Asks: 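Starting off with a structure, shown below.
Residue numbers begin at 1 in each chain, while the letters A, B, ... track the order of the sequences. The model shown is predicted, which means the values in this text are computed figures rather than measured ones.
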Protein chains: 2
Amino acid sequence: MFKELNPLLHSELRLGVMSILISADSADFTFIRKQTGATAGNLSVQLDKLSQAGYISIEKGYRGKVPRTTCRITEKGVSAFQEYVEALKSYIGKG
Amino acid sequence: MFKELNPLLHSELRLGVMSILISADSADFTFIRKQTGATAGNLSVQLDKLSQAGYISIEKGYRGKVPRTTCRITEKGVSAFQEYVEALKSYIGKG
DNA sequence: GTAAAGTAGTTTATTTTATAAACCAAAAAA
DNA sequence: TTTTTTGGTTTATAAAATAAACTACTTTAC
């Protein structure tokens with residue numbers, strides 16, 4: 001009856017991150033932080049989890065002298081997100 | 001940008017319970033347990049939380065000699081569910 | 001009739017997760 | 001040159017989900 005909800009995506013902050021990345025192609029730490037309203041610590045932890053799952057890639061570099069962490073969604077991430085949305089529909093209907 | 005996800009509803013099992021009750025009007029413990037696949041212990045705890053939040057009402061009675069716990073969604077529960085679904089859309093788009 | 005197994009749950013303990021607090025390093029500003 | 005700001009990470013704490021253990025009663029099998 002109900003499809004399983006991928007627990008890695010069924011988290012407010014991680015879902016927000018994925019939602020941003022699925023339409024933005026790439027986004028940096030600060031941008032994601034502002035859009036989601038998350039604390040830096042929490043965001044750092046959750047980005048790591050998404051990265052370790054292979055759902056996003058994280059590139060650390062510099063913009064001038066300022067460190068800059070850029071995130072991108074992977075193919076695996078895109079399909080995990082899509083499956084999650086499908087699963088959700090078994091709970092909330094077509095809306 | 002993103003709407004807040006009511007943490008009481010943003011839980012796989014509790015969301016499943018609410019999803020059942022929003023279309024079934026009333027359902028008993030055993031039925032919900034089978035539909036969701038939850039363990040009895042987990043279901044008991046989560047039903048309590050929904051009940052304490054005023055999202056469902058729980059009526060304990062007997063069917064013959066066998067105890068029977070019947071759940072119903074409340075008005076408050078219906079609107080919380082609807083708001084949750086609206087909030088979700090800010091993350092997943094129209095789908 | 002009584003021992004064993006099943007039904008319908010609750011309570012408590014454990015694990016996992018999310019979040020917050022504390023911290024670090026470098027750069028810019030005062 | 002001390003202070004503040006930016007851009008984070010690491011570690012500790014709080015909250016949540018889940019599982020395990022238990023209770024109470026009923027039915028079935030001997």
Side-chain angles (χ1 to χ4, degrees), chain A residues 2-21 26-53 55-72 80 84 87-88 91, chain B residues 2 4-21 26-53 55-72 80 84 87 91:
Chain A
F2 294 116
K3 291 180 188 153
E4 265 182 51
L5 296 176
N6 182 337
L8 213 78
L9 294 183
H10 196 61
S11 140
E12 185 160 17
L13 180 48
R14 289 195 299 269
L15 188 60
V17 170
M18 294 295 278
S19 175
I20 290 169
L21 292 179
S26 105
D28 65 25
F29 191 97
T30 304
F31 176 80
I32 297 174
R33 181 156 144 51
K34 278 173 190 158
Q35 292 293 308
T36 58
T39 61
N42 194 11
L43 182 56
S44 179
V45 170
Q46 307 309 330
L47 286 180
D48 261 12
K49 287 185 190 173
L50 290 172
S51 169
Q52 273 166 42
Y55 290 175
I56 67 173
S57 66
I58 297 179
E59 197 190 340
K60 282 161 199 299
Y62 286 86
R63 182 179 42 204
K65 292 170 180 173
V66 180
R68 183 199 48 165
T69 297
T70 303
C71 306
R72 257 185 194 75
Y84 174 77
L88 260 186
Y91 292 83
Chain B
F2 295 117
E4 266 183 51
L5 295 175
N6 182 339
L8 214 80
L9 294 183
H10 196 60
S11 141
E12 184 159 16
L13 180 49
R14 288 195 299 269
L15 188 60
V17 169
M18 294 294 278
S19 176
I20 289 169
L21 292 179
S26 106
D28 65 26
F29 191 98
T30 304
F31 176 78
I32 296 174
R33 180 156 145 52
K34 279 174 187 153
Q35 293 292 308
T36 57
T39 62
N42 194 10
L43 182 56
S44 180
V45 170
Q46 306 311 328
L47 286 180
D48 260 12
K49 286 184 191 174
L50 289 172
S51 167
Q52 271 165 42
Y55 290 176
I56 66 173
S57 65
I58 297 180
E59 196 189 339
K60 284 160 200 298
Y62 286 86
R63 184 178 40 205
K65 291 171 182 174
V66 179
R68 182 199 49 163
T69 297
T70 303
C71 305
R72 260 188 191 74
Y84 174 76
Y91 293 82

Asks: What distance separates A/S19 OG from A/L9 CG, expressed to the nearest 0.5 Å?
Replies: 11.0 Å

Asks: To the nearest 10°, let me know how far the axis at one end of the helix from C/dG1-D/dC30 to C/dA30-D/dT1 is tilted from the axis at the other, five pairs an end.
Replies: 10°

Asks: Sugar-phosphate atoms are those with a prime plus P, OP1 and OP2; base atoms are the rest. Using that split, label each nucleotide of nucleotides 22-30 of chain C B, S or - for protein heavy atoms under 4.0 Å, 5' to 3'.
Replies: -----S---

Asks: Can you list, in residue-number order, the parts of residues 42-53 of chain B that come under 4.0 Å of DNA chain C, counting heavy atoms only?
Replies: B/S44, B/V45

Asks: Could you state the CD-P distance from B/E4 to C/dT19, rounded to the nearest angstrom?
Replies: 10 Å

Asks: Do you know the tightest heavy-atom contact between A/L47 and A/V17?
Replies: CD2-CG1, 3.8 Å

Asks: Measure the distance from CG on A/D28 to C1' on D/dG7 and round it to the nearest whole Å.
Replies: 10 Å

Asks: With a non-hydrogen cut-off below 4.0 angstrom, is B/R68 in contact with a base, only sugar-phosphate, or nothing?
Replies: sugar-phosphate

Asks: Heavy atoms, side chains only, cut-off 4.5 Å: are A/H10 and A/N6 in contact?
Replies: no

Asks: Provide the full list of salt bridge (Lys or Arg N to Asp or Glu O under 4.0 Å) pairs with a residue in residues 2-20 of chain A, sequence neighbours left out, each pair given once.
Replies: none

Asks: Please report, to 0.1 Å, the donor-acceptor pairs under 3.5 Å made by any side chain of residues 28-39 of chain B, with sequence neighbours excluded.
Replies:
from, atom 1, to, atom 2, distance (Å)
B/D28, OD1, B/F31, N, 3.1
B/R33, NH1, B/A38, O, 2.5
B/T36, OG1, B/I32, O, 2.8
B/T36, OG1, B/R33, O, 3.4
B/T36, OG1, B/A38, N, 3.3
B/T39, OG1, B/N42, N, 3.2

Asks: So which pairs with a foot in residues 61-70 of chain B pass side chain to side chain donor-acceptor pair (under 3.5 Å), sequence neighbours left out?
Replies: none

Asks: Output the residues of residues 5-21 of chain B in contact with DNA chain D, where contact means a heavy atom of the residue under 4.0 Å from an atom of the strand; sort by number or write none.
Replies: B/S11, B/R14

Asks: How many whole angstroms separate atom CD of B/E59 from atom C1' of C/dG9?
Replies: 16 Å

Asks: In terms of the angle between their ring planes, are B/Y91 and B/F2 parallel, tilted or perpendicular, with boundaries placed at 30° and 60°?
Replies: parallel

Asks: Please determine, for the side chain of B/T39, which listed nucleotide (D/dA19, D/dG8, C/dT10) has the closest atom?
Replies: D/dA19

Asks: With sequence neighbours left out, what residues match A/E59 under salt bridge (charged side-chain N to carboxylate O under 4.0 Å, His left out)?
Replies: A/R72

Asks: For D/dT6, does either OP1 or OP2 sit under 4.0 Å from a side-chain N or O belonging to A/R63?
Replies: no

Asks: Working to the nearest 0.5 Å, report the span between CE of B/M18 and OG of B/S11.
Replies: 11.0 Å

Asks: For B/C71 versus B/L21, what's the shortest heavy-atom pair and its separation?
Replies: O-CD2, 3.5 Å

Asks: Between D/dT9, C/dA8, C/dG9, which nucleotide has the shortest distance from any of its atoms to the side chain of A/K60?
Replies: D/dT9

